[in-house]
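Report on one structure; see the data block that follows.
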Amino acid sequence: MTMAEARISVLCSGNGTNLQALIDSCASEAPDSIRGKIIKVTVNRKNAYATTRAEKAGIPTDYFNLVKDGFQKLGEKDPAALKEARLKYDAALAERILRDEPDLIVLAGWMHVLTTAFLRPVSDAGVPIINLHPALPGAYDGAGAIDRAYEDFKAGKLEDNTTGIMIHYVIAEVDRGEPILVQKIKIEEGESQEDLERKIHGYEHGLIVKATAILSEKISAAKASKT
C-alpha cells in the first residue's frame, strides 16, 4: 500500500535555514527523509528570505502581517489594543492555515508567540504544532535562551556546562510543550558565545528534520490505514 504523504505547513520569520533543511529532506529519497510535502510557507516579515527559498522550491507562500493586514496600527502602544490585535491576528492566521488542510504545522524560526486564538482551533482540527527551541526542557523558556545559558556558563552556574536544543509540541505556555527530541550540547572552556551559537545552529537543522520525519511517518501511516 502506498503511504499517503503528510501535508506540512511551515511558519517562518527570517532567513529560513531550517526551512531549507525541511525542503531538502522532503525532496530526498534517503530512507530517513521526511515522508511529506510542504504545502505552504507562511511568513510574517516582508523581507524574510524564507519566502525566496520556498518560491525556488515551487512552494506557495503567504505574507501575513499584524500591521500590513490591518490588525494593529503602526506604532500602537496601548496594551489592550495590542492584545486585541494579537488575538484577532492569531484567529485569522489559524483560519488561513487550516484552509489548506495540513496534517502538521512546523514553526521554523517563527518569531511570534501564538495565543490560544490560534492554538485552540488548530488543536480542535487535530493538527499538531511543533517548534524548535535552543534550550533543554524547562530551561531558558522564551527569547534569549542561548544568551542566558552562556551567561550562566560564564558565572559557573550552568549544570554540567551543558545546554541544548529541543523540538517540542506547542502549547499556550511558551516552550513548555512535551518534548519530541532533545539534543544536549556541552559548552567547552574558552568557547565564545558566537562559537556556541554556531554549534547550536549546526545541530538545529538535523533535529528539526528528524522530528518532522518521525511525525510525518506516523501521520502517513495513519492516513494510509484509512484508505
Side-chain angles (χ1 to χ4, degrees), residues 6-27 34 36-76 82-83 85-123 125 127-134 142-146 165 167-170 172 174-175 177 197 200-201 204-205 207-209 211-212 215-216:
R7 294 170 58 82
I8 304 166
S9 192
V10 183
L11 278 61
C12 304
S13 295
N15 189 279
T17 55
N18 284 321
L19 168 66
Q20 190 64 58
L22 294 170
I23 290 171
D24 293 346
S25 182
C26 286
I34 296 169
K37 178 182 180 182
I38 300 174
I39 55 168
K40 177 75 67 67
V41 171
T42 300
V43 301
N44 63 345
R45 293 182 182 173
K46 185 178 181 180
N47 298 319
Y49 190 68
T51 303
T52 303
R53 295 180 187 276
E55 288 171 350
K56 283 181 178 177
I59 300 166
T61 63
D62 184 19
Y63 167 44
F64 191 53
N65 177 271
L66 260 168
V67 175
K68 173 188 78 76
D69 290 287
F71 296 93
Q72 182 178 304
K73 292 178 186 173
L74 188 64
E76 180 64 72
L82 291 171
K83 182 179 180 181
R86 277 190 63 196
L87 292 172
K88 287 183 175 178
Y89 171 82
D90 281 8
L93 178 65
E95 191 177 318
R96 287 168 89 97
I97 299 288
L98 291 174
R99 215 176 284 156
D100 297 321
E101 299 184 347
D103 299 308
L104 174 66
I105 296 170
V106 180
L107 308 185
W110 176 252
M111 307 309 290
H112 170 86
V113 176
L114 295 165
T115 66
T116 53
F118 179 89
L119 300 176
R120 191 176 297 115
V122 171
S123 175
V127 181
I129 310 167
I130 64 173
N131 179 54
L132 184 150
H133 183 61
I146 299 174
I165 54 176
I167 309 292
H168 65 94
Y169 289 106
V170 176
V174 175
D175 300 322
E197 286 173 359
I200 285 174
H201 293 323
E204 285 180 351
H205 301 160
L207 207 68
I208 198 167
V209 165
T212 303
L215 293 186
S216 295

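Every residue two or more places apart in sequence or in another chain that forms a side-chain hydrogen bond (donor to acceptor under 3.5 Å, both in side chains) with Asp103 is listed here: Lys223. With sequence neighbours left out, the side-chain hydrogen bond (donor to acceptor under 3.5 Å, both in side chains) criterion links Glu95 to no other residue. Taking Asn65 as the reference, nothing meets the side-chain hydrogen bond (donor to acceptor under 3.5 Å, both in side chains) condition, with sequence neighbours excluded. Scanning for ring pair (Phe, Tyr, Trp, His ring centres under 6.0 Å) contacts around Tyr89 gives Phe64, Phe71, His112, with sequence neighbours left out. A search for side-chain hydrogen bond (donor to acceptor under 3.5 Å, both in side chains) contacts involving Arg120 returns nothing, not counting sequence neighbours.
When every heavy atom of Arg45 is checked against every heavy atom of Tyr63, the shortest pair comes out as C-CE1, 3.6 Å. The heavy-atom pair separating Pro121 from Thr116 by the smallest distance is CD-O, 3.7 Å. Closest heavy-atom contact between His205 and Ala21: CB-CB, 3.8 Å. Nearest heavy atom pair, residue Cys12 against residue Leu19, reads SG-CB, 3.9 Å. Annotation for Leu104 and Ser216: closest pair CD2-OG, 4.2 Å, computed over non-hydrogen atoms. Closest non-hydrogen pair, Ile146 versus Glu197, comes out as CG2-CG, 3.7 Å.
Within the 4.5 Å cutoff, no side-chain heavy atoms of Asn15 are placed close to those of Gln20. Within the 4.5 Å cutoff, no side-chain heavy atoms of Ile59 are placed close to those of Val10. When side chains are defined from C-beta on, Leu93 counts as touching Leu114, because their heavy atoms get closer than 4.5 Å. Looking at heavy atoms from C-beta onward, Thr61 lies out of side-chain contact with Val43 at the 4.5 angstrom threshold. Proximity of Lys40 to Arg96: side-chain heavy atoms (C-beta onward) are nowhere separated by under 4.5 Å. The side-chain heavy atoms of Leu11 and Ile97, taken from C-beta on, include a pair separated by under 4.5 Å. A heavy-atom distance below 4.5 Å is found between the side chains of Phe118 and Ile105. At a threshold of 4.5 Å between non-hydrogen side-chain atoms, the residues Ser25 and Thr212 do not count as touching.
Residues in residues 66-76 take part in no side chain to side chain donor-acceptor pair (under 3.5 Å) pair, two or more places apart or across chains.
For the atom pair CD (Glu204) and CG (Asn18), the distance works out to 5.5 Å, reported to the nearest 0.5 Å. The CD1 atom of Ile34 sits 4.5 Å away from atom CG of Leu22, with the distance rounded to the nearest 0.5 Å. Note: Thr51 OG1 to Asp62 CG = 9.5 Å, rounded to the nearest 0.5 Å. Considering CD1 of Ile129 and OG of Ser123, their distance stands at 8.0 Å, rounded to 0.5 Å. The CG atom of Leu207 sits 12.0 Å away from the CD1 atom of Ile200 when rounded to the nearest 0.5 Å. One distance of note links NZ of Lys88 with NZ of Lys83; it measures 13.5 Å at 0.5 Å rounding.
Heavy atoms of other residues, nucleotides or ligands lying less than 6.0 angstrom from CD of Glu101 number 12 at most.
Side-chain contact, Asn44 with Ser13: a donor N or O sits under 3.5 Å from an acceptor N or O.
Put simply, the side chain of Arg86 never gets that close to the backbone of Ala117: no donor and acceptor are under 3.5 Å apart.
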Item checked: Working for side-chain contact (heavy atoms from CB on, under 4.5 Å), residues Asp175 and Asn131 -> CA-CA 8 Å; Asp175 300 322; Asn131 179 54; 3.6 Å; yes
